[in-house]
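So the structure is just underneath, and the comments pick up after that.
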Protein chains: 2
Amino acid sequence: MTKSTAQLKVYLSVVHKLKEMIQRDRLSAGDRLPSERELSERLSVGRSSVREAFRALELLGLIETRHGEGTFLRDFRDHHLVELLGMFILQNGQAEKDVLEMKIWIEMGSMNRMLQNDVSTLNWLFDSIVTGYQNGEITTINHFKSSLFESSGNRLAYKVWLVLYDFDRMSSKESAALDIELIYTVKKAMLSKDMTIIRTFCTEPVTLQQAK
Amino acid sequence: MTKSTAQLKVYLSVVHKLKEMIQRDRLSAGDRLPSERELSERLSVGRSSVREAFRALELLGLIETRHGEGTFLRDFRDHHLVELLGMFILQNGQAEKDVLEMKIWIEMGSMNRMLQNDVSTLNWLFDSIVTGYQNGEITTINHFKSSLFESSGNRLAYKVWLVLYDFDRMSSKESAALDIELIYTVKKAMLSKDMTIIRTFCTEPVTLQQAK
DNA sequence: TTTTACAATTGGTCAGACCACGTAATTCTC
DNA sequence: GAGAATTACGTGGTCTGACCAATTGTAAAA
């Protein structure tokens with residue numbers, strides 16, 4: 001895969017060395033990597049090449065650098081890969097419809113996923129959301145959804161949802177205010193697996209509130 | 001979103017400037033970006049900072065640099081990002097699961113979306129897929145899916161699906177071969193809106209073939 | 001006109017300098 | 001001796017300048 005004839009760029013070789021190092025030493029999230037200067041010496045390459053490798057991995061979300069402290073391995077699940085891709089994928093003024101539509105797909109997937117939780121877990125989740133609502137932390141329907149999907153267990157999907165949410169919010173009007181009755185409505189729907197209401201909650205949540 | 005107090009690292013600001021430049025000038029795949037030295041001057045930053053930004057975007061697969069020629073925008077679909085992430089993530093089981101799961105959500109959404117097409121459109125679509133199969137262009141189930149989702153009308157979702165597909169492909173075994181019977185099975189299911197089969201096609205397509 | 005040689009441009013890499021930030025060791029103060 | 005202030009060191013952040021290597025464009029030579 002990696003061409004050996006037309007020799008690799010130095011910064012890429014550093015990336016590979018780092019990978020080997022990480023595997024060999026069983027490094028995991030939070031662990032510290034050698035300093036730029038040390039790596040530079042150990043690998044006999046310029047510090048700038050090491051930095052290029054580090055910057056690339058940083059933009060990928062694989063490492064984190066803290067000024068004055070060092071460079072650390074990051075929890076890969078936090079990768080902001082999504083933001084990055086979003087920045088470039090959505091560049092061409094993509095149809096807002098596509099964004100909104102895909103957002104709903106993820107919502108449906110997340111809701112379905114949560115349906116597999118047991119009753120006590122669901123109860124606990126909704127209770128904490130109600131508390132958040134009463135404390136004024138959750139004020140819009142999308143805040144509500146965010147809390148739900150964050151707990152759905154698929155972090156990647158949640159990240160993507162957040163990006164789509166941001167994009168959607170920019171183009172459309174302000175997010176609708178949250179009625180506490182809606183929380184209970186959704187809770188009931190989840191506990192009884194009422195797919196009709198769940199679907200409506202994803203596609204047109206405001207109608208659920210007006211119906212009240 | 002982007003912190004303005006603790007000022008951004010220079011290389012990140014370059015990334016943002018590039019993004020703006022790409023949007024403003026409507027640059028697309030294959031177009032050339034300014035040289036490192038020119039950017040360095042124009043943005044009043046060191047060339048090394050420009051290089052850090054370029055290297056990062058290169059590792060992401062968003063640009064391509066050719067020695068002696070310059071730096072060019074790349075079709076994002078060519079990203080070797082998957083290899084990169086896989087290289088660092090593969091030991092993490094959860095990430096894989098998230099990818100596969102979200103891939104299925106998009107598939108379900110795309111299929112549902114296509115259900116709204118009229119019969120003649122669906123017929124035309126499947127006919128062209130059959131032709132592609134007979135010409136040896138579509139050989140795996142995922143090729144089949146790709147053809148479907150590409151036509152689903154939501155380009156954003158299709159792009160994301162491609163990313164997830166690549167990611168999934170490198171972690172799991174080879175994609176299953178496509179049986180032409182499966183095409184007809186799915187076609188029939190679409191025309192009759194048989195959600196059970198459609199769901200199975202998204203989640204466990206091979207079982208549909210074994211059943212034949 | 002075609003070919004060849006050379007100059008200019010561009011990326012690739014390195015070395016060194018200096019600043020800013022954190023931390024740990026040290027010194028000072030009480 | 002304990003705590004607070006200071007200092008020294010290590011680290012990332014950034015810039016500059018230098019040189020090499022690949023490519024392209026141009027001008028001279030055939």
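Keep in mind that the numbers below use all heavy atoms, side chains included, and drop hydrogens, waters and symmetry copies. Each chain gets a letter, A, B and so on, in the order its sequence line appears, and its residues count up from 1.
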CG/A:L148 to OG/A:S110 distance, rounded to the nearest 0.5 angstrom?
9.0 Å
Give A:S48 one of three labels, base, sugar-phosphate or nothing, depending on what nucleic acid heavy atoms sit under 4.0 Å from its own.
base
Closest approach to the side chain of B:R37, judged atom by atom: which nucleotide of C:dC18, C:dT10, C:dA20 is it?
C:dT10
Here the distance between atom P of D:dG17 and atom CD of B:E36, to the nearest Å, is 17 Å
At under 4.0 Å between heavy atoms, what does B:G68 touch on the DNA or RNA strands: base, sugar-phosphate, or nothing?
base
From CD of B:E64 across to P of D:dT23 the rounded distance in Å is 13 Å
Distance in angstrom units between A:E52 CD and D:dT14 C1', rounded
14 Å
Can you see if the side chain of A:S49 gets near the phosphate of C:dC14 - specifically, an N or O under 4.0 Å from OP1 or OP2?
yes
Both conditions, 6.0 Å and 45 degrees, for the charged tip of B:K145 above the ring of B:F201: are they met here?
yes
To the nearest Å, how far apart are B:K9 NZ and D:dT14 P?
7 Å
Out of C:dG22, C:dG12, C:dC14, whichever nucleotide has its closest atom nearest the side chain of B:R55
C:dG12
Listed nucleotide nearest any side-chain atom of B:E69, set C:dT13, C:dT10, D:dT23
D:dT23
Just how far is it from atom CZ of A:R26 to atom CG of A:D31, taken to the nearest 0.5 Å?
12.5 Å
With each end axis built from five pairs of C1' atoms, what bend angle do you get for the helix from C:dT1-D:dA30 to C:dC30-D:dG1? Round to 10°.
20°
State whether A:D127 and A:K187 are salt-bridged, where the test is any N-O pair (Lys NZ or Arg NE/NH1/NH2 against Asp/Glu carboxylate O) under 4.0 Å.
yes
Which nucleotide in the set D:dT11, D:dC15, C:dG12 lies at the smallest distance from any side-chain heavy atom of A:S35?
D:dT11
Measure distances between side-chain N and O atoms of B:R47 and base N and O atoms of C:dG12, and say whether any donor-acceptor pair falls under 3.5 Å.
yes
Output the rounded distance in Å from CD (B:E38) to C1' (C:dA8).
15 Å
Could you check which of D:dG13, C:dG11, C:dT13 has an atom nearest any side-chain atom of A:T65?
D:dG13
Taking side-chain contact (heavy atoms from CB on, under 4.5 Å) as the definition, give me every residue that meets it alongside A:T65, ordered by chain and number, with sequence neighbours left out.
A:R55, A:E58, A:T71, B:K9
Between B:F149 and B:Y165, is the ring centre distance below 6.0 Å?
no
Any luck finding a side-chain donor-acceptor pair between A:N123 and A:S120 under 3.5 Å?
no
Check: A:D179/A:Q209 side-chain N/O donor and acceptor closer than 3.5 Å
no
Interatomic distance where NE2 belongs to B:H67 and P belongs to D:dC20 [whole Å]
13 Å
Look at A:R51 and D:dG13 and indicate whether a side-chain polar atom (N or O) is within less than 4.0 Å of OP1 or OP2.
yes
Between C:dG12 atom P and A:L12 atom CG, what is the distance in whole Å?
10 Å
For A:E41 and C:dG16, give me the distance from atom CD to atom P, rounded to whole Å.
11 Å
Side chain of B:T71, heavy atoms from C-beta onward: which of C:dC18, C:dG11, D:dT14 has the nearest atom to it?
C:dG11
Hey, does B:R66 reach any base, or is it just sugar-phosphate, or nothing, if we go heavy atoms under 4.0 Å?
sugar-phosphate
